[in-house]
Trainee: 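Below is one structure. I have some questions about it.
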Amino acid sequence: MQNPKATLDLSVVIPVYNEEKSLPLLFERLFPALDKLGKTYEVIFVNDGSKDKSQEVMESLFPKRPDVIRVIQLMRNAGQHPAIIAGFEQVRGEIIVTLDCDLQNPPEEIGKLVALIEQGHDIAGGIRAQRQDKSWRKMVSNLANKIRERITNIRMIDQGSMLRAYRRYIIEQIVATGGSSPYIPAIAHYLAANPIEVPVAHEERAAGVSQYNVYKLLRLNFDLITSFSIVPLQIFTMVGMGLSALSTLLVVYMGLRRIFVGPEVEGVFTLFAIMFLLISVTMTGLGLIGEYIGRIYMEVRTRPRVIIKNILEK
Ligand code: UDP
Ligand code: MG
């Protein structure tokens with residue numbers, strides 16, 4: 001099933017954002033692990049607008065393996081997923097692997113995932129068996145996993161793990177259809193015919209700190225939800241409809257009361273009832289409009305994901 005555009009067996013894509021300390025450690029473990037596979041390969045580092053010395057560190061390490069390394073430097077920070085897609089656009093391998101730069105994803109596990117692709121799976125995802133992250137991160141991830149499971153049609157076990165292997169045609173589809181705020185594991189699972197997930201080791205960050213704060217993490221998970229589901233908009237519409245029904249009852253009740261019991265405080269509450277009805281009808285309408293705008297929004301997002309500043313290669 002060799003794709004005509006693939007000239008190598010394997011491409012490894014690694015996003016790099018402020019990783020000057022972990023890069024040398026990664027180099028020590030990544031290349032021996034890849035050489036052991038006995039395949040032709042390349043490693044594409046995407047410098048996602050790092051503000052530290054990551055670019056210089058990569059330039060100084062480049063001569064160690066100029067035969068396999070490429071460094072794509074982005075103009076500014078675009079986020080982990082858009083950065084990875086910038087790498088996807090350049091891959092030459094038939095199998096593509098992603099992993100994090102901080103050694104949380106052990107490079108020694110790559111072989112296991114590649115073997116699964118060779119057995120016929122189009123995606124092999126790692127499940128972080130013993131996840132080594134802060135407990136608040138694990139809580140947010142669990143919640144996002146549950147929401148995704150309930151309100152999208154993507155079925156997977158560990159959406160947050162970036163240690164994954166893909167068949168080339170999946171990557172080509174992601175590049176073509178990923179949109180401007182992609183969540184790669186979810187898009188890939190949506191496209192895949194025969195995905196599999198297996199447990200992989202997960203380690204503590206080798207150096208430095210996580211690049212994700214609460215805000216970045218929330219934004220990423222909103223990307224995930226909004227690109228696969230309009231349930232949030234639908235909830236709004238349904239709340240509006242529920243309120244409309246209740247307000248209608250209130251209007252009927254106040255009307256009857258007015259006829260049979262007489263007006264309460266000069267008709268103020270009748271007025272309230274009518275206002276509730278009108279407001280809730282408006283909310284339903286807004287929700288409905290939102291439904292349509294949501295759909296249009298999904299169609300028209302064609303902003304460029306990243307801007308490339310420079311590519312370092314042999
Ligand atoms: N990363 C990136 N751009 C960003 C944030 C992170 O390229 O804006 C990279 C980072 O260098 C690392 C990977 O994405 O290789 C995962 O980031 P991090 O380890 O900070 O996330 P966590 O493991 O805490 O989820
Ligand atoms: Mg990490």
Trainee: Are K216 and Y212 in a cation-pi setup, meaning NZ or CZ lies under 6.0 angstrom from the ring centre and within 45 degrees of the ring axis?
Mentor: yes

Trainee: Any heavy-atom pair between the side chains of Q90 and S11 that's under 4.5 Å?
Mentor: no

Trainee: With a 6.0 Å cut-off (strictly less than), is the heavy-atom count around NZ of K51, excluding the residue itself, greater than 12?
Mentor: yes

Trainee: Kindly check if the number of other-residue, nucleotide or ligand heavy atoms within 6.0 Å of NZ (K112) is above 12?
Mentor: yes

Trainee: How far apart are the closest heavy atoms of P232 and I225, and which atoms are they?
Mentor: CG-CG2, 4.1 Å

Trainee: Quick one: salt bridge (Lys or Arg N to Asp or Glu O under 4.0 Å) pairs with a partner in residues 13-25, sequence neighbours left out?
Mentor: E19-R205

Trainee: For residues R155 and H189, report the shortest heavy-atom separation together with the two atoms involved.
Mentor: O-ND1, 3.5 Å

Trainee: So, F27 versus F45, ring centres under 6.0 angstrom or not?
Mentor: yes

Trainee: If you draw a 6.0 Å radius around CZ in F228, do more than 12 non-hydrogen atoms from other residues or ligands fall strictly inside?
Mentor: yes

Trainee: Membership question, hydrophobic clusters at under 4.5 Å side-chain separation (ILVMFWY): are L224 and F88 in the same one?
Mentor: yes

Trainee: Would a 4.5 Å heavy-atom cut-off, applied to side chains only, mark E94 and R167 as touching?
Mentor: yes

Trainee: Do L191 and Y169 pass the side chain to side chain contact (heavy atoms under 4.5 Å, CB included) test, and can you show the C-alpha distance, the side-chain angles, and the key distance before you say yes or no?
Mentor: CA-CA 10 Å; L191 296 167; Y169 69 77; over 6 Å; no

Trainee: Any donor-acceptor pair under 3.5 Å linking the side-chain atoms of Q211 with those of D102?
Mentor: no

Trainee: Would the number of heavy atoms belonging to other residues, nucleotides or ligands and lying under 6.0 Å from NZ of K138 be above 12?
Mentor: yes

Trainee: I want to check something: taking the side chain as every heavy atom from C-beta on, are I147 and N221 in contact at a cut-off of under 4.5 Å?
Mentor: no

Trainee: Determine the sole option in D100, V97, T98 for which the side-chain contact (heavy atoms from CB on, under 4.5 Å) test with N105 is passed.
Mentor: D100

Trainee: List the steps, then state whether side chain to side chain contact (heavy atoms under 4.5 Å, CB included) holds for I95 with E118.
Mentor: CA-CA 9 Å; I95 297 174; E118 286 174 335; 3.9 Å; yes

Trainee: With the side chain counted from C-beta on, respond yes when P185 and H81 share a heavy-atom pair under 4.5 Å apart, and no when they do not.
Mentor: yes

Trainee: Check L246, L250, T248, L243 against F276 for a side-chain contact (heavy atoms from CB on, under 4.5 Å) and give me the one that passes.
Mentor: L250

Trainee: Hey, could you give me the NE2/CG distance between H202 and L103, rounded to the nearest 0.5 Å?
Mentor: 11.0 Å

Trainee: Following the transitive rule for hydrophobic clusters with a side-chain heavy-atom cut-off under 4.5 Å over Ile, Leu, Val, Met, Phe, Trp and Tyr, establish whether L143 and V231 coincide in one cluster.
Mentor: yes

Trainee: Show the nearest heavy-atom pair for residues G87 and I44, with the distance to one decimal.
Mentor: O-CD1, 3.9 Å

Trainee: According to a 4.5 Å side-chain heavy-atom criterion applied to Ile, Leu, Val, Met, Phe, Trp and Tyr, with indirect links allowed, do I96 and I196 form part of one hydrophobic cluster?
Mentor: no

Trainee: Assess the residue pair L23 and C101 against the criterion (side chain to side chain contact (heavy atoms under 4.5 Å, CB included)); give the C-alpha distance rounded to whole Å, side-chain angles, the decisive distance to 0.1 Å, and a yes or no.
Mentor: CA-CA 7 Å; L23 277 163; C101 184; 3.6 Å; yes

Trainee: So does R219 have more than 12 non-hydrogen atoms from other groups sitting under 6.0 Å from CZ?
Mentor: no

Trainee: Give the C-alpha distance, both sets of side-chain angles, the deciding distance and a yes or no for side chain to side chain contact (heavy atoms under 4.5 Å, CB included) between Q104 and M162.
Mentor: CA-CA 10 Å; Q104 289 202 276; M162 291 309 282; over 6 Å; no

Trainee: How many angstroms lie between CD1 in I123 and CD1 in I184, if you round to the nearest 0.5 Å?
Mentor: 11.0 Å

Trainee: Measure the shortest side-chain to side-chain distance between R137 and L217 over non-hydrogen atoms and say whether it is less than 4.5 angstrom.
Mentor: yes

Trainee: Take atom CZ of F269 as the centre, draw a 6.0 Å sphere, and report whether it contains more than 12 heavy atoms from other residues, nucleotides or ligands.
Mentor: no

Trainee: State, with a plain yes or no, whether a side-chain heavy atom of L74 is found less than 4.5 Å away from one of I308.
Mentor: yes

